[in-house]
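Note that these values count all heavy atoms, side chains included, but never hydrogens, waters or copies made by symmetry. We count ligands from 1, going down the list as the structure has it; atoms in each ligand are counted the same way. In this chain, residues are counted from 1 in sequence order.
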Amino acid sequence: MAADTTNVLALAHEILPVLTQRRSPRAYADQPVPADALNQVFAAASSASSCFGEQPWRFLVGTRAGSAEAYDKILGSLAEFNQAWAKAAPVLVVSVAKTTFSHDGNPNAWATHDVGQAVATLAIQGAALGLQIHQMAGFSADKVRAAFGVPADYTPVAAFTLGYPGDPGALPDALRERETAPRVRKPLAEFVFEGGWPQPEEERYDQAPV
Ligand SMILES: Cc1cc2nc3c(=O)[nH]c(=O)nc-3n(C[C@H](O)[C@H](O)[C@H](O)COP(=O)(O)O)c2cc1C
């Protein structure tokens, strides 16, 4: 499948093209995701590093074509504002973190960090295959826990859609505007602090008038 070239991210520095092509669409094509591609994106997730090599990520997956009951359970756990567009995606997923280390049973403070890394890696592999995911905090972890019987030492982290992107023109006005609005990122100086935490402007002796 060809790369998605809708609303590609433009940055001041050159990065891998696939990173600029990854985006979070709300329009999806009415096209199932082949099993091979699904296996590839979850294999990519498993390639992520993790604290103690714990691999604390788990993924609850529902496909409209093959596991409709799970798909409906995930859809039912989404906030209404997400359901409205997410129901167009052929695959719905909930990421889940194992919150304890397997080697000693202690709490794993990095579990959700590592799940995030796995999902980010999955998203990039997906973009390379022409697929896009859209992550959602707007879902009910309690509903997922109840619907799927998630054990107590696991916690649902986020939901996401997965599929081939569709035509933004098919979206309602408000969503179409968000889909095509320029994608903005902070300049590096706002989040890369070489040498130390930045001082408030007025306290910076290096910028004080002499
Ligand atoms: C953890 C997480 C939660 C998010 N929750 C939602 C959500 O509930 N609904 C939604 O429409 N977008 C959600 N997003 C998507 C972000 O708004 C989107 O990633 C961000 O605006 C950057 O856009 P891009 O992914 O296209 O670069 C979420 C993203 C992340 C990573």
Side-chain angles (χ1 to χ4, degrees), residues 3-29 41-42 44-45 48 50 56-62 71 73-97 99 109-144 154-188 190-191:
D4 177 18
T5 53
T6 305
N7 214 349
V8 168
L9 185 63
L11 296 176
H13 300 270
E14 193 179 332
I15 63 170
L16 294 173
V18 70
L19 297 177
T20 67
Q21 289 157 359
R22 185 217 56 79
R23 65 185 180 98
S24 303
R26 291 185 176 83
Y28 280 96
V41 297
F42 288 113
S50 59
W57 44 79
R58 305 289 185 271
F59 296 101
L60 285 164
V61 181
Y71 183 96
K73 284 182 188 174
I74 298 173
L75 189 63
S77 78
L78 302 181
E80 266 178 45
F81 63 89
N82 283 328
Q83 277 182 17
W85 55 267
K87 63 178 188 250
V91 183
L92 295 176
V93 183
V94 177
S95 65
V96 179
T99 56
W110 299 274
T112 52
H113 170 274
D114 291 348
V115 170
Q117 294 209 103
V119 174
T121 310
L122 179 157
I124 295 160
Q125 177 71 44
L129 298 172
L131 292 160
Q132 296 285 13
I133 78 167
H134 191 139
Q135 301 178 63
M136 292 167 279
F139 83 110
S140 164
D142 289 344
K143 280 188 187 169
V144 169
Y154 292 76
T155 192
V157 178
F160 61 89
T161 51
L162 171 68
Y164 297 101
D167 175 12
L171 289 168
D173 290 353
L175 295 186
R176 187 180 60 249
E177 275 163 30
R178 287 172 77 174
E179 193 94 332
T180 52
R183 300 171 65 201
V184 182
R185 290 301 193 262
K186 291 176 179 162
L188 299 193
E190 281 189 31
F191 64 96

Can you spot which of Thr112, Thr155, Val119 makes a side-chain contact (heavy atoms from CB on, under 4.5 Å) with Ser95? Val119
Option passing ring pair (Phe, Tyr, Trp, His ring centres under 6.0 Å) with His134 (candidates Trp85, Phe139, Phe160): Trp85
Please say whether Gly138 places an N or O atom under 3.5 Å from an N or O atom belonging to ligand 1. yes
Flag the pair [X] / [Y] as yes when at least one side-chain heavy-atom distance between them is below 4.5 Å, and no otherwise.
{"X": "Leu129", "Y": "Val41", "answer": "yes"}
{"X": "Val91", "Y": "Thr161", "answer": "no"}
{"X": "Glu179", "Y": "Thr6", "answer": "no"}
{"X": "Leu9", "Y": "Leu19", "answer": "no"}
{"X": "Val157", "Y": "Val96", "answer": "no"}

Atom indices of ligand 1, in the order listed, that fall short of 4.0 Å to a heavy atom of [X]:
{"X": "Arg23", "value": "26 (O)"}
{"X": "Trp85", "value": "11 (O)"}
{"X": "Arg183", "value": "24 (P), 26 (O), 27 (O)"}

Among protein heavy atoms, which sits nearest to [atom], and what does the distance come to when rounded to 0.1 Å?
{"atom": "atom 19 (O) of ligand 1", "result": "Ser24 OG, 3.3 Å"}
{"atom": "atom 9 (N) of ligand 1", "result": "Asn82 OD1, 2.9 Å"}
{"atom": "atom 5 (N) of ligand 1", "result": "Ala137 N, 2.8 Å"}
{"atom": "atom 11 (O) of ligand 1", "result": "Arg26 NH2, 2.8 Å"}

Proximity of Phe139 to ligand 1 by residue part, where a heavy atom lies under 4.0 Å: neither
Which segment of Leu9 sits under 4.0 Å of ligand 1 when only heavy atoms are counted: neither
Candidates Glu179, Gln135, Arg185, His134; heavy atom nearest atom 22 (C) of ligand 1 found on Arg185
Answer yes if a protein heavy atom lies under 4.0 Å from atom 7 (C) of ligand 1, otherwise answer no. yes
Does some non-hydrogen atom of the protein lie less than 4.0 angstrom from atom 17 (O) of ligand 1? no
State yes or no: are the ring centers of Phe42 and Phe59 separated by less than 6.0 Å? yes
Kindly indicate, with the supporting measurements, whether the criterion side chain to side chain contact (heavy atoms under 4.5 Å, CB included) is fulfilled by Lys143 and Leu78. CA-CA 9 Å; Lys143 280 188 187 169; Leu78 302 181; over 6 Å; no
